[in-house]
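Small disclaimer: the values here were computed from a predicted structure and weren't measured. Counting starts at 1 for both ligands and their atoms, following the listed order. Numbers for residues simply follow the sequence, beginning at 1.
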Amino acid sequence: MLKISNPDLNAATSNMCAILERQKRAHLAHGPLSLDERTEWIGRLIALLVNNSDAIADTISMDFGNRTRELSLLGDVAGSIGSLKYARAHLEEWMQPAIHDGGFPDAKASVEYTPVGVVGVLSPWNFPVNLTFAPLASIIAAGNRAMIKPSELTPRTSLLIARLIGEAFDESEIAVVLGDTEVAVEFSKLRFDHMLYTGSTSVGRQVMRAAADELVPVTLELGGKCPVIVSATAPIADAAARIMTIKTLNAGQICLAPDYAMLPEEHVEPFVTAARLATSAMFPTLLDNPDYTSIINERHELRLRGLLEDAKARGARVVEINPARETFGAHRLGYRMAPALVVDPPADCKLLADEIFGPILPILTYKTVGDAIAYVNGRERPLALYYFGTDAAEERHVLDRTQSGGVTVNDIMAHALCESLPFGGVGASGIGAYHGKSGFINFSHARAIFHQSKAPEAEYALRAPFGEPTRQYLALAISK
Ligand code: NAD
């Protein structure tokens, strides 16, 4: 397996510090990027993706063993281009100062969204291009420079990203540094003006600790267990098909994948049958099927198999969906694993503890929707919550009584594909959000600017000696 390693951590760290200093100096010397410059940088990023779409899809596939070509083109290439084009189309409007009431007729109060400077980006392996380039849409729209450390788990893709960015941008504009976890740790200690980390919640905590030492503001795009509440009113076959579509997309290695589903007891068997049918229709075979993505590496495959073994050992019913009855193991397309449903796993099952991040769906039962809500609220706040049903009052109740980064009703993940909506978590699933205008604001500093009035009260109100005008003002201000 190709590995990114750094024989000399000190040299790697000095190199990162030098690039950061260069970018900071360039930012100060140049001042905020103009509308035209931001548009041109975004155009360069779009061109890079368009011109290299095939190479990107091929390279991600090599890193995964097999990564569905259409998924890479849709999720990594087209998805990134969509974010960049949306930012380009709205940039001028977003950059306008927001005019506020200055209190006096001739005072002027406004908020200008100014670039923060240099943003550090630590990106993960599961959508290695999208989770680097979609944030860049917001970061560059806000007029910043960026330093990126892509994942060591997709080494070929990270190398490709470094080469393509290196060809299109000067290091003082956007730079990519490569390295393993040790380099990532040093990267997270740098004095960026803002840091974006996308990855697991446990590493997110470490990144935030490192950033705290330098008071670097962070955006954390983390993971967690995204619940699906299937109402008694939901059309079961439709819900099962939509849930399994995303549970098997990228083999479930998606932060927004449905982690577990909760159904009324009497709907479980129809759901299992429908999920089986829908999955078999998508994947009549699995082992050599290019539409099915492999598990990223052996460690993750063993972790996922371990979760299934643990569930079986604790008496849960495991329904493997393997229509052609293929035998899995070491394979030319990497680490392949059949989708599986786990019906009614006991509460102490490992499957129910941490984010699954693979093609396994636990199915839990509930008696009342209140029980399902209580189960969700007994856990960390998820990145997404999904509700399937046709009862508007019940849907409102679920939304009002739970918290999550985002919500899709009657489908999975769709809210995150709507570029104008903020994409981010809450609590343990993240801090901050990007996509659309939210991303522009997230990577900007909202600078308050006030032009003072010429009215005498504006000048004398705070100046001693305090006399009758101040007393009159206070009498007015301190009143009910
Ligand atoms: P990963 O292992 O690729 O790590 C992500 C980045 O963190 C990499 O660049 C890596 O070099 C760096 N890193 C690793 N250890 C570090 C450390 N100790 N200090 C600083 N940086 C470090 O990715 P992963 O964590 O396996 O990604 C999967 C997780 O990411 C899942 O939990 C998933 O839900 C989450 N995720 C979240 C989103 C989102 O947008 N919220 C998107 C994708 C994935």
Side-chain angles (χ1 to χ4, degrees), residues 3-6 12-13 16 60 63-64 75-76 79 83 120-135 138 147-155 157-158 161-162 176-190 192 195-211 213 216 218-226 246 249-259 295-297 299-300 303-304 354-358 380-384 404-406 413 415-417 422-435 439 442:
K3 274 185 90 173
I4 288 183
S5 57
N6 251 290
T13 307
M16 292 192 291
I60 299 178
D63 275 333
F64 272 76
D76 280 285
S83 296
V121 178
L122 277 163
S123 52
W125 54 267
N126 64 328
F127 283 88
V129 171
N130 182 298
L131 296 169
T132 304
F133 283 76
S138 302
M147 263 177 81
I148 302 156
K149 211 303 273 165
S151 178
E152 61 279 11
L153 267 63
T154 42
T157 312
S158 296
I161 292 173
V176 180
V177 296
L178 299 175
D180 54 17
T181 312
E182 281 185 319
V183 172
V185 170
E186 294 308 314
F187 186 93
S188 68
K189 294 179 190 164
L190 296 177
F192 292 113
M195 181 147 50
L196 165 68
Y197 168 78
T198 306
S200 65
T201 300
S202 58
V203 173
R205 286 182 212 279
Q206 297 173 41
V207 168
M208 191 164 174
R209 261 185 228 118
D213 279 344
V216 174
V218 289
T219 299
L220 301 177
E221 296 282 341
L222 309 176
K225 296 179 83 61
C226 300
I246 308 300
L249 193 70
N250 213 28
Q253 301 165 109
I254 305 183
C255 56
L256 290 158
D259 192 87
I295 304 301
I296 185 71
N297 59 25
R299 178 171 65 83
H300 278 285
R303 176 183 66 78
L304 290 164
D354 297 321
E355 181 182 357
I356 295 169
F357 222 56
E380 298 285 12
R381 293 171 190 169
L383 184 60
S404 65
M413 201 170 79
H415 64 285
L417 306 180
F423 172 56
V426 60
S429 58
I431 296 173
Y434 66 97
H435 284 189
N442 189 59

Protein heavy atom at shortest distance from atom 16 (C) of ligand 1: Val203 CG1, 3.4 Å

Identity and distance of the protein heavy atom lying nearest atom 5 (C) of ligand 1: Thr198 O, 3.5 Å

Any N or O of Lys149 closer than 3.5 Å to N or O of ligand 1: yes

Residues Leu383, Leu256; criterion side chain to side chain contact (heavy atoms under 4.5 Å, CB included); working and verdict: CA-CA 7 Å; Leu383 184 60; Leu256 290 158; 3.9 Å; yes

Close aromatic pair by centroid cut-off 6.0 Å: Phe187 and Phe192: yes

For ligand 1, the portion of Ser123 having any non-hydrogen atom under 4.0 Å away: backbone

Proximity of Gln206 to ligand 1 by residue part, where a heavy atom lies under 4.0 Å: side chain

Min N/O separation Asn126 to ligand 1 under 3.5 Å: no

Closest heavy-atom pair and its distance - Cys255, Leu222: CB-O, 4.5 Å

Heteroatom distance test (Thr201, ligand 1): nitrogen or oxygen, under 3.5 angstrom: no

Nearest protein heavy atom with distance in Å, relative to atom 1 (P) of ligand 1: Trp125 CD1, 3.7 Å

Protein residue, atom and distance nearest to atom 19 (N) of ligand 1, heavy-atom basis: Val185 CG2, 3.7 Å

Pro150: numbered ligand 1 atoms lying under 4.0 Å from its heavy atoms: 9 (O)

Nearest-contact summary for atom 35 (C) of ligand 1 - protein heavy atom, Å: Gly199 O, 3.3 Å

Ligand-residue contact atoms, ligand 1 with Phe423, heavy atoms, under 4.0 Å: 40 (O)

Enumerated ligand 1 atoms positioned under 4.0 Å from heavy atoms of Leu131: 42 (C), 43 (C)

Val183 and ligand 1 - part of the residue with a heavy-atom distance under 4.0 Å: neither

Shortest protein heavy-atom distance from atom 36 (N) of ligand 1, along with the residue and atom involved: Cys255 CB, 3.5 Å

Part of Phe187 with heavy atoms under 4.0 Å of ligand 1, whether side chain, backbone, both or neither: neither

Plane angle bin for Tyr434 and Phe423 - parallel if under 30°, tilted between 30 and 60°, otherwise perpendicular: perpendicular

Close side-chain approach of Ile296 to Thr154, heavy-atom, < 4.5 Å: yes

Identity and separation of the nearest protein heavy atom to atom 32 (O) of ligand 1: Glu355 OE1, 2.7 Å

Pair Glu152-Thr181, side-chain donor/acceptor within less than 3.5 Å: yes

Side chain to side chain, Arg303 and Ile295, heavy atoms closer than 4.5 Å: no

Steps toward side chain to side chain contact (heavy atoms under 4.5 Å, CB included) verdict (Gln206, Ser188): CA-CA 9 Å; Gln206 297 173 41; Ser188 68; over 6 Å; no

Side chain to side chain contact (heavy atoms under 4.5 Å, CB included) between Tyr197 and Val203, intermediate numbers included: CA-CA 9 Å; Tyr197 168 78; Val203 173; 3.2 Å; yes

Leu222 N/O under 3.5 Å from ligand 1 N/O: yes

Polar proximity ligand 1 side, Ser200 side, N/O cut 3.5 Å exclusive: yes

Residue from Asn130, Val129, Leu131 passing side-chain contact (heavy atoms from CB on, under 4.5 Å) with Phe133: Val129

Side chain, backbone, both or neither: the part of Ala210 lying under 4.0 Å from ligand 1 by heavy atom: neither

Distance-minimising heavy-atom pair for Pro128 and Ile161: O-CD1, 3.7 Å

More than 12 heavy atoms of other groups within 6.0 Å of Arg381 CZ: no

Atom 22 (C) of ligand 1: nearest protein contact (heavy atom, Å): Ala184 CB, 3.4 Å

N or O contact, Leu383 vs ligand 1, cut-off under 3.5 Å: no

Trp125 and Phe357 aromatic ring geometry - parallel, tilted or perpendicular at 30°/60° bounds: perpendicular

Contact partition for Tyr197 relative to ligand 1, non-hydrogen atoms under 4.0 Å: side chain

Element-labelled atoms of ligand 1 that are located less than 4.0 Å from some non-hydrogen atom of Phe357: 28 (C), 31 (C), 33 (C), 34 (O)

Contacting atoms of ligand 1, where contact means under 4.0 angstrom from a heavy atom of Gly223: 32 (O), 34 (O)

Heavy-atom side-chain contact between Val177 and Glu186 under 4.5 Å: no

Check against side chain to side chain contact (heavy atoms under 4.5 Å, CB included), Glu380 and Thr201: CA-CA 11 Å; Glu380 298 285 12; Thr201 300; over 6 Å; no

Contacting atoms of ligand 1, where contact means under 4.0 angstrom from a heavy atom of Val207: 20 (C)

